[in-house]
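Values in this document were obtained by computation on a predicted structure and should not be read as measured data. Numbering of ligands and ligand atoms starts at 1, following listing order.
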Amino acid sequence: MKITDGVYWVGVNDTQTKLFEALWSLSRGVSYNSYLVLGSEKNALIDTVNEDFSEEYIRGLRRLIDLEDLDYLVLNHVEPDHAGSLSKVLSVAAKASVVGTANGIKFVRKYHRVLFNDIVVKNGATIDLGGKTLRFIDTPCIHWPETMCTYLAEDGIMFSGDLFGSFGAIGDQIFDDRFDEVFKNEAKRYFAAVLSPYAASVNRAIKKFDTSDMPIRVIAPAHGLIYKENPSIIKNLYAELSSGRFEEKVVIVYGSMYGNTETLAEAVAQGVRDRGVRGVIFNITQSEPSEVLSEIWQAPAVAVGSPIYDSFIFPPVTNLLELIKLKRIKQRVFGLFGNYTWSAAAFKQLQRSIQGLGSEIVGTFVKAQGSPVPSNIQEAEDLGNILADAAIQKVKETSGSTP
Ligand code: FEO
């Protein structure tokens, strides 16, 4: 697929894999984007694809180039969804040099035990392909520590790796003229699942682009659509997601075996709505974790509810708290509620977990024994009021902030 003269998308669509990183639902698939840049003198491949698709990938490449003539294989990011086909490409492209950051070359050699020439590039280094100049931009920790972006100066194309990526296969309609709410949500879900712990690095990279002499006319990420018509759509979305600003909402997430914790969750949501604030409610056992994280990412206030199960917190709730910790989701306000039959001792565990997240707990911990009674419902609605007020306050405090 041609992007502009001498620049082609040569990636693949994956609609087979169920879980990205064996963790996150790929209900709409994902694309592994790779690009071929043909200069008048030399040529370069930018990233490869997941090894599972290497045959299809190499077949596609052969329609555009004799791989034996490939000069450079540029690695913006060496995670195997992008560098996985390196050995297979090099088995035919014997004269190609692999281009990457020092860490990139170091890491990729741990995955691909084959001999190859490498070129280590630093920030601002260039390679002239003949009328096509590749400039390498240091953007570390956009997922892994070795990451960089590659800018094609003559065409204003930023090959951005995971930065500006999204879930969702793109088929053969690769451009952003089809960007809609579904793709937007897939980009937000991708950010929450993959890039949220690196939000500060994302924010730094975007600022670096904004203050540089690199006008960006096209954003070509390693996953998802290519933004040719309106690159600011994805740049602005990522700038917002990495800004540390909140939306005025409360996420209510709970586990429930027999509907009693769910009754409390609905009462908390009612209390949130009564304050005119949006409440987003998830039953954790029926929800995709990345959807929940995506909502929590921009939520200043979160209510977590759990029944007690075998004297412990309900396992799916424990798992969610681990993911919140892993994704470094901090500085939120939490409210707690739950249901028990004979001992409420395990709720201390829930409190400790939340305190360990670097967030504050507000309001009364609403604990119902068996079926919630009217006073429990009232306490849950009050908790919803408190969380909604806290959300309004936090939005005010953080508007304009950066992570
Ligand atoms: Fe798409 Fe971090 O790899």
Worksheet item: How long is the span from the CG atom in N103 to the OG1 atom in T147, to the nearest 0.5 Å?
Response: 9.5 Å
Item to complete: Tell me which N, O or S atom of D81 sits nearest to atom 1 (Fe) of ligand 1.
Response: OD2
Fill in: H77 NE2 and D162 OD2 subtending at atom 2 (Fe) of ligand 1 (10° steps)
90°
Worksheet entry | Note: K249-E295 ion pair, threshold 4.0 Å (strictly below) | yes
Worksheet item: Is there an N/O/S atom in H82 that lies less than 2.8 Å from atom 1 (Fe) of ligand 1?
Response: yes
Discussion item. Check for me whether R332 meets the cation-pi criterion with W297, that is, NZ or CZ under 6.0 Å from the six-membered ring centre and within 45 degrees of the ring axis.
Written reply: yes
Response to the item:
Angle subtended at atom 2 (Fe) of ligand 1 by E79 OE1 and H143 ND1, to the nearest 10 degrees, is 80°
Discussion item. Tell me whether the NZ or CZ atom of R204 lies within the 45° cone about the ring axis of Y198 and under 6.0 Å from its centre.
Written reply: no
